[in-house]
Amino acid sequence: WSQPATNYLERARSAATGASLQHLLINASRIDWQVHEGSQTHLADGLWGVLREALATGTYEEQVQMLGLVEKMAFYQPELALSVVNDVMSQESNSEVSSTTDHWSATRQDVVSAIPPILKNIAYNFEYLAPSLELLWKLAQEDERQTNNHPGHPLRILTELADFHS
């Protein structure tokens, strides 16, 4: 990759909002992965910074939505995704209730429950398999939900990853 850097991605980031910003981040992460053959990212660094900041300051609903975005990118950017997971897991539970007009309101548990699918996608990269499995095991010890009703249950994901047939 010897082309000079442009500010196209930065201009696109400043113009994009909502779903288009999400697609921009996913596509930039995939391009980084393809161009740099799985090495550390370069193009999407600024976009991941925006995502991290939003995760740190967002409501629980926003955090769950953003973690869904991280899940889509985790296979392509396992190092950054694992770092985001560690950041989210180290956050203190915010006692504030997320503001919403609906009857349902996301909780810290909903945020934590969004992490195992991310770890599953990270685990497909052998270099990050062990830390992903360790975090999944830690989460499985704390998750009291039934595994059969919840495909994102950490123990269920551990079982799927250990399956020799997949």
Side-chain angles (χ1 to χ4, degrees), residues 18-45 47-94 98 104-166:
S20 60
L21 181 59
Q22 293 176 6
H23 291 295
L24 177 65
L25 183 52
I26 291 169
N27 290 333
S29 294
R30 286 178 179 165
I31 290 169
D32 272 349
W33 177 74
Q34 290 173 336
V35 170
H36 299 290
E37 298 175 9
S39 67
Q40 288 187 322
T41 186
H42 300 287
L43 291 174
D45 282 346
L47 295 171
W48 278 83
V50 170
L51 178 70
R52 283 176 181 277
E53 183 179 325
L55 273 168
T57 61
T59 64
Y60 290 142
E61 285 95 354
E62 292 166 339
Q63 289 178 9
V64 169
Q65 181 183 11
M66 286 180 268
L67 289 173
L69 177 62
V70 173
E71 178 186 351
K72 294 175 184 176
M73 298 178 297
F75 177 82
Y76 302 103
Q77 299 294 336
E79 181 177 4
L80 291 171
L82 186 59
S83 177
V84 166
V85 164
N86 285 324
D87 289 349
V88 170
M89 289 181 66
S90 69
Q91 287 178 352
E92 293 295 320
S93 180
N94 187 349
S98 296
W104 178 82
S105 184
T107 64
R108 173 69 180 163
Q109 184 56 47
D110 295 314
V111 173
V112 172
S113 294
I115 292 173
I118 297 169
L119 292 169
K120 178 181 180 180
N121 289 342
I122 293 170
Y124 290 130
N125 185 313
F126 186 72
E127 185 178 343
Y128 299 96
L129 178 62
S132 296
L133 296 178
E134 289 172 15
L135 289 173
L136 282 165
W137 181 247
K138 178 181 176 184
L139 290 169
Q141 301 303 305
E142 301 167 0
D143 195 332
E144 297 178 2
R145 299 175 300 160
Q146 294 294 315
T147 58
N148 59 334
N149 296 341
H150 302 280
H153 192 289
L155 189 56
R156 183 167 171 176
I157 290 174
L158 280 168
T159 303
E160 291 170 5
L161 290 170
D163 184 10
F164 289 118
H165 301 289
S166 52

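Heavy-atom basis, side chains included; hydrogens, waters and symmetry copies ignored. Only a predicted model underlies this, so the values are computations on that prediction, with no experimental measurement involved.
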[X] versus [Y], closest heavy-atom pair with distance:
X: Gly152; Y: Arg145; value: O-NH2, 4.0 Å
X: Pro131; Y: Glu127; value: CD-O, 4.3 Å
X: Ser132; Y: Ala123; value: OG-N, 3.7 Å
X: Ala54; Y: Met66; value: CB-SD, 3.3 Å
X: Tyr60; Y: Ala106; value: CD1-O, 3.4 Å

Look up atom [atom1] in [X] and atom [atom2] in [Y], then write down how far apart they are to the nearest 0.5 Å.
X: Gln141; Y: Leu136; atom1: CD; atom2: CG; answer: 11.5 Å
X: Leu135; Y: Leu139; atom1: CG; atom2: CG; answer: 6.5 Å
X: Leu129; Y: Glu134; atom1: CG; atom2: CD; answer: 9.5 Å
X: Asp87; Y: Leu55; atom1: CG; atom2: CG; answer: 8.5 Å
X: Gln63; Y: Gln91; atom1: CD; atom2: CD; answer: 5.0 Å
X: Thr159; Y: His153; atom1: OG1; atom2: NE2; answer: 9.5 Å

Quiz item: Is a donor on one side and an acceptor on the other found under 3.5 Å between the side chain of Ser83 and the backbone of Glu79?
Solution: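 Checking the backbone N and O of Glu79 against the side chain of Ser83, no donor-acceptor pair under 3.5 Å is found.
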Self-check item: Passing candidate, side-chain contact (heavy atoms from CB on, under 4.5 Å) with Arg52, options Val84, Val70, Thr57
Solution: Val84
Quiz item: Has Glu53 got more than 12 heavy atoms of other residues, nucleotides or ligands less than 6.0 Å from its CD?
Solution: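 No.
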Quiz item: Any side-chain heavy atom of Leu155 within less than 4.5 Å of one from Trp137?
Solution: yes
Per-pair distances, 0.1 Å, donor-acceptor, side chain in residues 109-122, under 3.5 Å, sequence neighbours excluded:
unit_1, atom_1, unit_2, atom_2, d
Gln109, NE2, Ser113, OG, 3.1
Asp110, OD2, Thr107, N, 2.8
Asp110, OD2, Thr107, OG1, 3.2
Ser113, OG, Gln109, O, 2.9
Lys120, NZ, Glu160, OE1, 2.9
Asn121, ND2, Glu71, O, 2.8

